[in-house]
Asker: 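Sending over a structure as structure tokens; questions will come in a sec.
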Amino acid sequence: MSLILGVLGGMGPAATLDFLGKLQAYTPAQRDQDHIRVLMDLNPQVPDRNAPSPGAGAGDGDVLAEMAGGLAGGGAEVLAMPCNTAHAHADLIVRASGLPLIDMIGGAAKAAADTGAHRVGVLGTKGALKLYREYLAARGLGLVTLGGERQEAFMALLYRIKGGDLSPRVRAEMASMAGDLVAQGAETLIAGCTEAPLVLSPDDVQVPLLDAGDLLARRCVDICLELEPPPPI
């Protein structure tokens, strides 16, 4: 038996499917019944995590809390969320569900520290970068980010990927942005947005590239198969 995993997904759909594929690939299984049971709420209607908070109606945190409660009610025993930016609402999700949430940001920060790097470049949204700054600083690591205009260009590129553009031009632009971080002194890079690995691979950069979603999938397998304990609530 394994723990039942609840996944808060849809941010965006392609990134969530990529995460599920990795989850399946990393599960040691000889038959269907060896795989982890997953309850999925793939909800692309979660308000944009990068947009200003709405003046009225439910914000992204409210919707995520409702999703988490629904997954708990359906039988999930531990939660995961393959969206870096949405981890700003981690505490709310845990309170709403009463379940542990496997920390995507914390896992990536630990992996970066394990590489021996002192300066870590992160490709992510402004919200995700704020979280990474805190987690990396707690480990004594410096954060390297894109400059103002370059960060805005990254966001525009992100929305092109969300729109389905995985063209060579988009791949080249993402690789160029990763190269900017290395040029600024990053010794390790984190793909801190789940869309980034859809167009960026370790072969595209000159330093170690960590995929936060890939690391999350691996840890979900270990926790659900009870090879390591779930995080505290």
Side-chain angles (χ1 to χ4, degrees), residues 5-26 38-54 57-61 63-64 66-67 70-71 79-89 104-105 108 121-129 131-132 145-181 189-205 209-218 220:
L5 178 66
V7 178
L8 294 88
M11 303 167 281
T16 300
L17 295 177
D18 181 60
F19 167 77
L20 291 175
K22 292 169 179 172
L23 185 72
Q24 181 272 330
Y26 293 139
V38 178
L39 302 181
M40 161 63 67
D41 189 343
L42 199 157
N43 183 7
Q45 304 307 314
V46 177
D48 191 341
R49 281 70 57 206
N50 305 301
S53 298
D60 55 331
V63 175
L64 291 168
E66 182 179 355
M67 291 166 63
L71 290 168
L79 298 177
M81 180 168 58
C83 175
N84 292 266
T85 309
H87 274 69
H89 301 296
M104 187 180 199
I105 308 286
V122 178
L123 291 165
T125 68
K126 291 180 180 179
L129 293 176
L131 296 172
Y132 274 106
T145 64
L146 298 170
E149 289 187 3
R150 200 64 166 144
Q151 178 65 27
E152 293 304 319
F154 170 80
M155 292 303 300
L157 189 64
L158 170 62
Y159 283 107
R160 287 170 63 186
I161 297 168
K162 285 180 177 290
D165 187 351
L166 307 180
S167 65
R169 180 175 179 178
V170 166
R171 294 176 184 276
E173 288 183 32
M174 186 66 75
S176 175
M177 291 174 180
D180 288 351
L181 296 178
L189 297 183
I190 296 175
C193 175
T194 47
E195 272 75 28
L198 300 180
V199 296
L200 185 70
S201 76
D203 293 338
D204 296 323
V205 296
L209 174 65
L210 303 174
D211 175 353
D214 183 273
L215 294 167
L216 177 63
R218 292 176 184 271
C220 285

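Atom set for the values below is all heavy atoms of this structure, side chains included, hydrogens, waters and symmetry mates excluded.
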Asker: Measure from the side-chain N and O atoms of Q151 to the backbone N and O of G124, and report whether any donor-acceptor pair falls under 3.5 Å.
Answerer: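 Yes.
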Asker: Taking all heavy atoms of I190 and all of A212, pick out the closest pair and write down the distance.
Answerer: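 Distance-wise, the nearest heavy atoms are CG2-CB, 4.5 Å.
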Asker: I need the minimum non-hydrogen distance between E195 and A15, along with the two atoms involved.
Answerer: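 The answer is OE2-CB, 3.6 Å.
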Asker: List in chain and number order the residues that pass salt bridge (charged side-chain N to carboxylate O under 4.0 Å, His left out) with R218, two or more places apart in sequence or in another chain; answer none if no residue qualifies.
Answerer: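 Scan of R218 (salt bridge (charged side-chain N to carboxylate O under 4.0 Å, His left out), adjacent residues dropped) gives D214.
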Asker: Can you find a heavy atom in the side chain of L210 that is under 4.5 Å from one in the side chain of L215?
Answerer: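 L210 vs L215: side chains touch.
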Asker: Does H89 reach the main-chain N or O of L64 with its side chain, forming a donor-acceptor pair under 3.5 Å?
Answerer: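 Side chain of H89 to backbone of L64, a donor-acceptor pair under 3.5 Å: no, none is there.
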Asker: Judged by atom type as modelled, is there a donor-acceptor pair below 3.5 Å linking the side chain of D60 to the main-chain atoms of R49?
Answerer: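 No; judged by distance alone, with no hydrogens or angles, the pair does not exist.
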Asker: Is any side-chain heavy atom of T194 closer than 4.5 Å to one of N84?
Answerer: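 SC-SC contact between N84 and T194 confirmed.
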Asker: When you compare the side chain of L17 with that of L42, does any pair of heavy atoms fall below 4.5 Å?
Answerer: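 Answer yes - side chains close enough.
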Asker: Calculate, to the nearest 0.5 Å, the distance between atoms CE and NE2 belonging to M81 and H87 respectively.
Answerer: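 Going from the CE atom of M81 to the NE2 atom of H87 covers 4.5 Å.
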Asker: Could you tell me which residues satisfy side-chain contact (heavy atoms from CB on, under 4.5 Å) with T125, sequence neighbours excluded, listed by chain and number?
Answerer: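 So T125 forms a side-chain contact (heavy atoms from CB on, under 4.5 Å) with N50, T85, A128, M155, L158.
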Asker: CG of D18 to CG of L23: how many Å apart, nearest 0.5 Å?
Answerer: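 Here the interatomic distance stands at 11.5 Å.
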Asker: Taking atom CE of M104 and atom CG of L131, what is their separation to the nearest 0.5 Å?
Answerer: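 Those atoms lie 11.5 Å apart.
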Asker: Do the side chain of T16 and the main chain of G10 share a donor and acceptor less than 3.5 angstrom apart?
Answerer: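 Side chain of T16 to backbone of G10, a donor-acceptor pair under 3.5 Å: yes, one is there.
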Asker: Do L123 and C193 make a side-chain contact, defined as non-hydrogen atoms from C-beta onward lying under 4.5 Å apart?
Answerer: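 Side-chain contact under 4.5 Å: no.
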Asker: Within a strict 4.5 Å, meaning less than it, do heavy atoms of the F154 and M174 side chains meet?
Answerer: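 Yes, side chains in contact.
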Asker: What is the minimum heavy-atom distance between A108 and Y132, and which atoms define it?
Answerer: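 So the two residues come closest at CB-OH, 3.6 Å.
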Asker: Show the nearest heavy-atom pair for residues V63 and P47, with the distance to one decimal.
Answerer: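 Distance-wise, the nearest heavy atoms are CG2-CD, 3.7 Å.
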Asker: Which heavy atom of Y26 sits nearest a heavy atom of A217, and at what distance?
Answerer: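 Nearest heavy atoms, Y26 then A217: CD1-CB, 4.1 Å.
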Asker: Can you sort out the partners of D180 under side chain to side chain donor-acceptor pair (under 3.5 Å), two or more places apart, ordered by chain and number?
Answerer: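 With sequence neighbours excluded, D180 shows a side chain to side chain donor-acceptor pair (under 3.5 Å) to R150, given in chain and number order.
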Asker: CD1 of I161 to CG of L166: how many Å apart, nearest 0.5 Å?
Answerer: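 CG of L166 is found 7.0 Å from CD1 of I161.
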Asker: Between CG of L71 and CE of M40, what distance do you get to the nearest 0.5 Å?
Answerer: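 Here the interatomic distance stands at 8.5 Å.
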Asker: Evaluate whether atom CD of E66 has more than 12 neighbouring non-hydrogen atoms of other residues, nucleotides or ligands under 6.0 angstrom away.
Answerer: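 At most 12 heavy atoms, drawn from other residues, nucleotides or ligands, come within 6.0 Å of this atom.
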Asker: What distance separates L198 CG from R171 CZ, expressed to the nearest 0.5 Å?
Answerer: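 Between L198 CG and R171 CZ, I get 8.5 Å after rounding to 0.5 Å.
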Asker: How close do A191 and L209 get, heavy atom to heavy atom, and via which atoms?
Answerer: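 Closest pair (atom of A191, atom of L209, distance): N-CD1, 4.1 Å.
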Asker: Report yes if the side chains of D41 and L8 come closer than 4.5 Å at any heavy-atom pair, otherwise no.
Answerer: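 A side-chain contact is absent here, since even the closest heavy-atom pair is not under 4.5 Å.
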Asker: Would you say L157 and M177 make side-chain contact, with heavy atoms under 4.5 Å?
Answerer: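 SC-SC contact between L157 and M177 confirmed.
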